[in-house]
**Q** 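There's a structure below that I have some questions on.
Atom set for the values below is all heavy atoms of this structure, side chains included, hydrogens, waters and symmetry mates excluded.
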Amino acid sequence: MKEKNNVVGFISAPSWLDPAPDEFRELTNGKISIQQTFLDPPGFDYSVQSITKITPFLTNASLSLASAGCTLIASPATPFGYIGYNNITHAKESLRKIEKISGVSCISSISAIFDILESKKIQNVVLACTYYPDEWRDLWSSFVSASGYKVITAQSLVDQGIRSKKNGEIDYPNPSEICESVKRISKNYPEADVVIISGSGARTLAITDKLKKITNKLVIAADTALFLSIAKKLNINFPIAL
């Protein structure tokens, strides 16, 4: 095993082929050891009710990864970081409790997004919610607002007319859809300081530079925010920047 302080554990959502571990491994040229475990709550169905009961399973997964030698644990699934919490303070308190139990540092894609917002001292945000169903979108908007930020608008691909509505299906967006979403929301809401792309199924790593060219606003995406947070925690150089 490599140096203990260079072992990252990813907690992946149930029944999801999580791209984050492989992407991070490629970004670091295999120099960082990675462990991964999947959550498997009985009867889990991605409903809001199921998600609000996920914390004990996140805690158990963290204990498992810690016992495997991980000293940093990352939870990429965005809804697990905000659904069931009042605001970012409440959500971070939950992470701190998991840290205390597992004995290792824990971050989520949501905590990573807010760490960037806090460092940039930005207040006016627009939320590009990509594939989120209406309930997830509205809960996310309420969470961001309750965390002290002005949410100018929150829109999914369906809201923006980029996609037609599908009942009960989650179809992750492709790069062109994400770019079009950012283009439209930036143009329609020029008063915003930042575009936040949520949904860990919305992968932006390969289009980071393209997104910068589409808008003159700061763009914070859940996937790259998490990677940047990991790099900062490990004090390693990273080939992406906001």
**Q** Output yes when a side-chain donor or acceptor of Ser198 lies under 3.5 Å from a complementary backbone atom of Thr130, and no otherwise.
**A**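 A pair under 3.5 Å: no.
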**Q** To check you understand the geometry: which heavy-atom pair defines the closest contact between Lys53 and Pro56, and what is its length?
**A** O-CD, 3.4 Å
**Q** Quick check on the hydrophobic clustering: are Ile54 and Leu63 connected, directly or via other members, by side-chain heavy-atom contacts under 4.5 Å?
**A** no
**Q** Would you mind reporting whether Glu135 and Ile83 have side-chain heavy atoms less than 4.5 Å apart?
**A**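 The answer is no, as the side chains (C-beta and beyond) never meet within the 4.5 Å cut-off.
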**Q** Compile the donor-acceptor pairs under 3.5 Å between side chains in residues 231-242 and protein atoms, sequence neighbours left out, one pair per line.
**A**
none

**Q** Count I, L, V, M, F, W, Y as connected when their side-chain heavy atoms are under 4.5 Å apart, and connections chain through other members. Are Ile107 and Ile34 then in the same cluster?
**A**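 Yes; tracing contacts between hydrophobic side chains, which count when under 4.5 Å, links both residues.
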**Q** What about Ile73 and Trp16, same hydrophobic cluster or not, with Ile/Leu/Val/Met/Phe/Trp/Tyr joined at side-chain heavy-atom distances under 4.5 Å?
**A** yes
**Q** May I ask whether Ile185 and Val125 are part of the same hydrophobic cluster, defined by side-chain heavy atoms of I, L, V, M, F, W, Y residues being less than 4.5 angstrom apart, directly or through others?
**A** no
**Q** Let's go through Asp171 and Arg163 carefully: what are the C-alpha distance in whole Å and the side-chain angles of both, what is the deciding distance for side chain to side chain contact (heavy atoms under 4.5 Å, CB included) to 0.1 Å, and is it a yes or a no?
**A** CA-CA 10 Å; Asp171 186 13; Arg163 280 188 175 180; 3.9 Å; yes
**Q** Counting distance only, does the side-chain N/O of Thr28 pair as donor-acceptor with the main-chain N or O of Phe24 below 3.5 Å?
**A** yes
**Q** Got Phe44 and Ile51 here, is their nearest side-chain heavy-atom distance under 4.5 Å?
**A**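 Yes, at least one pair of side-chain atoms sits under 4.5 Å.
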**Q** For Gln49, does the CD atom have more than 12 heavy-atom neighbours from other residues, nucleotides or ligands under 6.0 Å away?
**A**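 Not buried by this count: 12 neighbours or fewer within 6.0 Å.
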**Q** With rounding to the nearest 0.5 Å, note down the distance linking CG in Asp193 to NZ in Lys121.
**A** 14.0 Å
**Q** Under 4.5 Å between any side-chain heavy atoms of Asn124 and Glu191, yes or no?
**A** no
**Q** Please report the interatomic distance CG(Leu127) to SG(Cys129), rounded to the nearest 0.5 Å.
**A** 5.0 Å
**Q** Under a 4.5 Å cut-off applied to non-hydrogen side-chain atoms, are Ile110 and Thr78 in contact?
**A**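 Ile110 reaches Thr78 side chain to side chain.
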**Q** Sequence neighbours left out, what passes salt bridge (Lys or Arg N to Asp or Glu O under 4.0 Å) with Arg203? Give chain and number order.
**A**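 Arg203: salt bridge (Lys or Arg N to Asp or Glu O under 4.0 Å) contacts with Glu23, Asp223.
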**Q** So, do Ser50 and Pro41 sit near enough that their side-chain heavy atoms are less than 4.5 Å apart?
**A**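 Contact flag for Ser50/Pro41 side chains = no.
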**Q** Test Tyr132 against Leu139 for side chain to side chain contact (heavy atoms under 4.5 Å, CB included), laying out the working first.
**A** CA-CA 10 Å; Tyr132 276 7; Leu139 287 170; over 6 Å; no
**Q** Identify which one of Ser200, Pro76, Ser229 satisfies the side-chain contact (heavy atoms from CB on, under 4.5 Å) criterion when paired with Ser109.
**A** Ser200
**Q** Can you tell if the side chain of Ser108 reaches within under 4.5 Å of the side chain of Leu226, non-hydrogen atoms only?
**A**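 Counting from C-beta outward, Ser108 and Leu226 never come under 4.5 Å.
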**Q** For Ser147, which residues count as a side-chain contact (heavy atoms from CB on, under 4.5 Å) partner, sequence neighbours excluded?
**A**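 Ser147: side-chain contact (heavy atoms from CB on, under 4.5 Å) contacts with Asn87, Ile88, Phe114, Phe143, Tyr149.
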**Q** Assigning hydrophobic clusters by single linkage (Ile, Leu, Val, Met, Phe, Trp, Tyr; side-chain heavy-atom cutoff under 4.5 Å), is Val144 placed with Tyr131?
**A**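 Linked, Val144 and Tyr131 end up in one cluster.
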**Q** Side-chain polar contacts of residues 155-162 - donor-acceptor pairs under 3.5 angstrom, sequence neighbours left out - could you list them?
**A**
unit_1, atom_1, unit_2, atom_2, d
Gln155, NE2, Thr153, OG1, 3.3
Gln155, NE2, Tyr189, OH, 3.1
Ser156, OG, Val158, N, 3.3
Ser156, OG, Asp159, N, 3.2
Ser156, OG, Asp159, OD2, 3.1
Asp159, OD1, Arg137, NH1, 3.0
Asp159, OD2, Arg137, NH1, 2.9
Asp159, OD2, Ser156, N, 2.8
Gln160, OE1, Ser181, OG, 2.6
Gln160, NE2, Ser181, O, 3.0

**Q** Does the plane of the ring in Tyr46 sit parallel, tilted or perpendicular to the ring in Trp136? Use 30° and 60° as the thresholds.
**A** tilted
**Q** Starting at CD1 of Ile113, measure out to CG of Leu228 and round the result to the nearest 0.5 Å.
**A**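 Rounded to the nearest 0.5 Å, the CD1-CG separation comes to 11.5 Å.
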**Q** Among Ile11, Asp22, Asp18, find the residue that satisfies the side-chain contact (heavy atoms from CB on, under 4.5 Å) test when tested with Gln36.
**A**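 Option passing the side-chain contact (heavy atoms from CB on, under 4.5 Å) with Gln36: Asp18.
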**Q** Please report the closest heavy-atom contact between Gly84 and Thr52, naming both atoms and the distance.
**A** CA-CG2, 3.8 Å
**Q** So with a 6.0 Å cut-off around NZ of Lys183, is the heavy-atom count from everything else above 12?
**A** no
**Q** Can you check whether Tyr85 reaches Thr55 side chain to side chain, under 4.5 Å on heavy atoms?
**A**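 Result yes, sub-4.5 Å side-chain heavy-atom pair found.
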**Q** When you compare the side chain of Val104 with that of Cys70, does any pair of heavy atoms fall below 4.5 Å?
**A** no
**Q** List, one per line, each side-chain donor-acceptor pair under 3.5 Å for residues 214-222, sequence neighbours excluded.
**A**
unit_1, atom_1, unit_2, atom_2, d
Thr215, OG1, Ser186, OG, 3.2
Thr215, OG1, Lys217, N, 3.0
Lys217, NZ, Pro190, O, 2.9
Lys217, NZ, Ala192, O, 3.0

**Q** With distance as the sole test, does Ser64 use its side chain to make a donor-acceptor pair with the main-chain N or O of Asn60 at under 3.5 Å?
**A**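 Not confirmed, Ser64 side chain does not pair with Asn60 backbone.
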**Q** Using 0.5 Å steps for rounding, measure from the CD1 atom of Ile207 to the CG atom of Leu211.
**A** 4.5 Å
**Q** Between Ser105 and Thr71, does a side chain to side chain contact (heavy atoms under 4.5 Å, CB included) hold up when you go through it step by step?
**A** CA-CA 6 Å; Ser105 180; Thr71 54; over 6 Å; no
**Q** Output the distance between atom CD1 (Ile32) and atom CG (Asn6), rounded to the nearest 0.5 Å.
**A** 4.0 Å
**Q** In Å, rounded to the nearest 0.5 Å, how long is the span from NZ of Lys100 to OG of Ser62?
**A**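 Answer rounded to 0.5 Å: 15.5 Å.
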**Q** Less than 4.0 Å between a side-chain N and a carboxylate O, is that true for Lys92 and Asp115?
**A**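 Result for this pair is yes, salt bridge flagged.
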**Q** Using a strict cut-off of less than 4.0 Å between a Lys/Arg side-chain nitrogen and an Asp/Glu carboxylate oxygen, indicate whether Glu93 and Arg96 qualify as a salt bridge.
**A**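 No, Glu93 and Arg96 are not salt-bridged.
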**Q** Is a salt bridge present between Glu180 and Arg184, judged by a nitrogen-to-oxygen distance below 4.0 Å?
**A** yes
**Q** Who else is in Phe38's hydrophobic cluster (ILVMFWY, side-chain heavy atoms under 4.5 Å, direct or via others)?
**A**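 Besides Phe38, the cluster holds no residue at all.
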